[in-house]
Amino acid sequence: VFSFNKAIQAFSKEGQLDNAIGLLSKMEEMGCKPDAFSYNVIINGLCKKKQMEQAGKLFGEMLDRGLVPNHVSFNTMIDGYCKCGNLEETFEIRELMLKQGLRPNLVTYNSLINGFCKCGRLDQAKGLLIEMQEQKLEPDNVSYSILIDGHSRQGDIHGALALHSEMIRKGIEISVFTYDVLVNALCKQGKMREAEGILNEMVGKGLNPDEVVYNTLIDGHAVLGNTKEALGLYQEMGRRGITPS
RNA sequence: UCCUAACCAUAG
């Protein structure tokens, strides 16, 4: 089963989902029962391609076969529906999940919060943040990155920065990824000085800025027509040993 | 071995 799952993973990664699905019957013939993992990988591939009808079909097939879906199975489906903007379906999945005796976990909430943020439904996203805490789940740096980005997309830079402060207050780790989101939020508002302040903050904390931070800053300057600054940052990235893509 | 977040790239 392990080997077949590896192969299914390989096909899925290449986007060759038909071949991956073909392996399900093949492994069956050879006496290897596909497990939830086998299905999860393929369903995730379909979700990434936004083929939710197919994903739902396979999910149903998994249940019909008597396989027990796990957190990853449900989270994958929820994320898929979120990415397609079909938030209604996520409630159905959540119900199914509870019927299976599974409580939403951190990834479930993060996926949902992302879905609502990307649809501009920030209030509901924040409601989910509260709900998860009521469930004794602590939001992590992913949760906050999603929300910071969500506020940024709505043009609410103050809300975004408030979340940054909240992370500091709560002692939640601010990763390079989170800094990328913050820098992007400021750049999108044309607040280049502040954005570079964040860059300095991360360097001050001993974190290594990555290529994305520089891409973000360079793009911010480019949009404003600040060629000199953009070029300066390009050179700075070289000095830091970052290879531009 | 499987699930969640960011930039350039929903390119006018």
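Computed from heavy atoms alone, side chains included, the values below leave out hydrogens, waters and symmetry copies. A quick note: this is a predicted structure, and the numbers were derived from the prediction, not measured. First the proteins, then the strands, lettered A, B, ... as listed; each starts at 1.
Nucleotides of RNA chain B with any atom under 4.0 Å from a heavy atom of chain A span, from 5' to 3', U1(B) to C8(B).
Comparing the C1' positions of A6(B) and C2(B) gives an interatomic distance of 23 Å, to the nearest angstrom. With C1' as the reference atom, C7(B) and A11(B) are 14 Å apart, rounded to whole Å. Between A9(B) and U4(B), the two P atoms lie 24 Å apart (nearest whole Å). Rounded to the nearest Å, the gap between the P atom of C8(B) and that of G12(B) is 10 Å.
Residue contacts shown for Ser111(A) are limited to sugar-phosphate atoms, with no base heavy atom under 4.0 Å away. Residue Val41(A) is classed as a sugar-phosphate contact, given heavy-atom separations below 4.0 Å to backbone atoms only. Residue Asn5(A) is in base contact, counting any heavy-atom pair closer than 4.0 Å across all strands shown. Among the protein residues, Val107(A) comes within range of the nucleic acid bases, having at least one heavy atom under 4.0 Å from a base atom. Using a 4.0 Å heavy-atom cutoff across all strands shown, Lys13(A) reaches no nucleic acid atom at all.
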For residues 89-99 of chain A, which side-chain donor-acceptor pairs fall under 3.5 Å, sequence neighbours excluded?
residue: Thr90(A); atom: OG1; partner: Leu87(A); partner atom: O; Å: 2.5
residue: Arg94(A); atom: NH2; partner: Glu131(A); partner atom: OE2; Å: 2.5

Output a table of donor-acceptor pairs, distance under 3.5 Å, between side-chain atoms of residues 235-245 of chain A and any protein atom two or more places apart or on a different chain; print 'none' if there are none.
residue: Glu236(A); atom: OE2; partner: Tyr214(A); partner atom: OH; Å: 2.8
residue: Arg240(A); atom: NE; partner: Tyr214(A); partner atom: OH; Å: 2.7
residue: Ser245(A); atom: OG; partner: Glu211(A); partner atom: OE2; Å: 2.6

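Minimum interatomic distance between Met202(A) and Pro209(A) (heavy atoms only, all atoms of both residues): CE-CA, 3.7 Å.
Scanning for ring-ring contact (aromatic ring centres under 6.0 Å, His included) contacts around Tyr39(A) gives an empty result, with sequence neighbours left out. Listed by chain and residue number, Phe74(A) satisfy the ring-ring contact (aromatic ring centres under 6.0 Å, His included) test with Phe59(A) (two or more places apart in sequence, or in another chain).
Sorted by first and then second residue, the side chain to side chain donor-acceptor pair (under 3.5 Å) pairs with a member in residues 181-196 of chain A read Glu196(A)-His221(A); sequence neighbours excluded.
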